[in-house]
Amino acid sequence: MPIFAFILLGIMLFAFAAIAFFFFIFDHRDRLYTYDDDPLMNSSDFECEFSRIGGSENEHTTIRIAVKDGTARIYYSHRQTNGAALEKLEHDIPSEAAEKLKALYKEHCVPVLVDCENKDEVALDAPSELITYTAGEISYMISSDQSFPEKSRGIFDEAEALMRSYLK
């Protein structure tokens, strides 16, 4: 009888260790993510779009940087409130923008952030912010309505500041 109890205890300890190891790997997957086969990091053609939509005044702002055949182009549209005039801007920018956007993508490990859960409470009068990275058929979108780890909470401000720095 005591041998059976020790065997059962060993199996239970092994099961608990396996579950703990799984959750440890799941929580630290941003450190384990490899960019070797990531299509966005290995593609020369991609798009990154920052959008701010809604809020109490129904603001609509979109900044998109598209890189195609080594040429980077920025597209900007902004409407302050409902009924306001739509501002549009479009021009070529230096191709270094693509590398900076890819560095931001890698720093915050966007493919892992996509899986973050939504926040429990969302401010109804605040606009939603979205960042979308696209390369070929692959697309990653994150939203300000998601709950991010502490180190990635400023990704929307960083992306907007980076993209606005290329507006003339």
Side-chain angles (χ1 to χ4, degrees), residues 23-35 37-43 45-68 72-91 93-168:
F23 282 109
F24 175 80
I25 295 295
F26 187 76
D27 287 343
H28 293 89
R29 63 197 159 138
D30 60 333
R31 295 184 197 140
L32 302 173
Y33 188 83
T34 59
Y35 295 93
D37 57 349
D38 191 320
L40 194 125
M41 290 301 288
N42 298 321
S43 174
D45 299 342
F46 81 99
E47 292 183 11
C48 181
E49 182 176 296
F50 171 83
S51 300
R52 181 178 293 123
I53 302 168
S56 60
E57 296 183 3
N58 200 19
E59 175 186 1
H60 182 84
T61 302
T62 302
I63 306 171
R64 181 169 55 102
I65 294 180
V67 181
K68 185 81 169 164
R73 191 153 182 82
I74 190 165
Y75 303 90
Y76 173 76
S77 69
H78 175 72
R79 183 184 313 264
Q80 185 64 33
T81 60
N82 277 341
L86 181 67
E87 297 175 46
K88 283 190 168 187
L89 179 66
E90 177 180 331
H91 62 83
I93 58 174
S95 59
E96 70 182 21
E99 297 308 317
K100 289 181 180 180
L101 287 169
K102 285 182 181 181
L104 186 67
Y105 171 87
K106 190 172 183 177
E107 176 186 349
H108 292 283
C109 198
V110 171
V112 172
L113 291 181
V114 169
D115 295 334
C116 289
E117 295 182 12
N118 289 337
K119 293 179 183 175
D120 293 334
E121 296 179 14
V122 178
L124 298 176
D125 61 340
S128 292
E129 296 175 329
L130 305 164
I131 298 175
T132 306
Y133 279 93
T134 306
E137 299 294 319
I138 302 296
S139 181
Y140 298 109
M141 184 178 76
I142 56 174
S143 169
S144 61
D145 296 337
Q146 292 176 284
S147 181
F148 295 129
E150 185 69 34
K151 74 171 193 151
S152 295
R153 291 194 181 141
I155 188 170
F156 296 100
D157 296 331
E158 291 176 45
E160 182 182 18
L162 174 65
M163 294 173 126
R164 282 192 184 274
S165 70
Y166 291 103
L167 291 174
K168 290 183 181 176

**Message:** Once side-chain contact (heavy atoms from CB on, under 4.5 Å) is applied, do any residues pair with Glu137, and if so which ones, sequence neighbours excluded?
**Reply:** none
**Request:** Quick one: pull up CD1 in Ile53 and CZ in Arg79 and give me the separation to the nearest 0.5 Å.
**Result:** 12.5 Å
**Asked** Roughly how far apart are Phe156 CZ and Ile131 CD1, rounded to 0.5 Å?
**Response** 5.0 Å
**Asked** Checking side-chain contact (heavy atoms from CB on, under 4.5 Å) for the pair Gln146/Leu113: CA distance, chi angles, key distance, verdict?
**Response** CA-CA 9 Å; Gln146 292 176 284; Leu113 291 181; over 6 Å; no
**Asked** Hey, mind stepping through Arg64 and Glu47 against side-chain contact (heavy atoms from CB on, under 4.5 Å) and telling me if it holds?
**Response** CA-CA 7 Å; Arg64 181 169 55 102; Glu47 292 183 11; 3.5 Å; yes
**Message:** With a 6.0 Å cut-off (strictly less than), is the heavy-atom count around CD of Glu117, excluding the residue itself, greater than 12?
**Reply:** no
**Prompt:** How long is the span from the CG atom in Leu104 to the CG atom in Leu162, to the nearest 0.5 Å?
**Reply:** 6.5 Å
**Request:** Could you tell me which non-hydrogen atom of Ser152 sits nearest to which non-hydrogen atom of His108, and how far apart they are?
**Result:** OG-ND1, 3.3 Å
**Fill in**
Rounded to the nearest 0.5 angstrom, the OG1-OH distance for Thr61 and Tyr76 is 5.5 Å
**Message:** Angle between ring planes, Tyr133 versus Phe46, binned at 30° and 60°: parallel, tilted or perpendicular?
**Reply:** parallel
**Prompt:** Rounded to the nearest 0.5 Å, how far apart are CD1 of Ile155 and OG of Ser144?
**Reply:** 12.0 Å
**Request:** State, to 0.1 Å, how close Phe148 and Cys116 come at their nearest heavy-atom pair, and which atoms those are.
**Result:** CD2-SG, 3.8 Å
**Message:** Looking at every non-hydrogen atom in both residues, tell me the closest pair between Glu160 and Arg52 and how far apart they are.
**Reply:** OE1-NH2, 2.5 Å
**Request:** Take Val114 and Met141 through the side-chain contact (heavy atoms from CB on, under 4.5 Å) test and state the conclusion after the steps.
**Result:** CA-CA 6 Å; Val114 169; Met141 184 178 76; over 6 Å; no
**Message:** For Ser77 and Leu86: C-alpha separation, side-chain torsions, deciding distance, then whether side-chain contact (heavy atoms from CB on, under 4.5 Å) applies.
**Reply:** CA-CA 7 Å; Ser77 69; Leu86 181 67; 4.2 Å; yes
**Prompt:** How many angstroms lie between CD in Glu158 and CD in Glu107, if you round to the nearest 0.5 Å?
**Reply:** 5.5 Å
**Fill in**
Residues at least two apart in sequence or cross-chain that pass side-chain contact (heavy atoms from CB on, under 4.5 Å) with Glu96, listed by chain then number, are Pro94, Lys100, Tyr166
**Message:** If I compare all heavy atoms of Ile74 with all of Met163, which pair ends up nearest, and what's the gap?
**Reply:** CD1-O, 3.5 Å
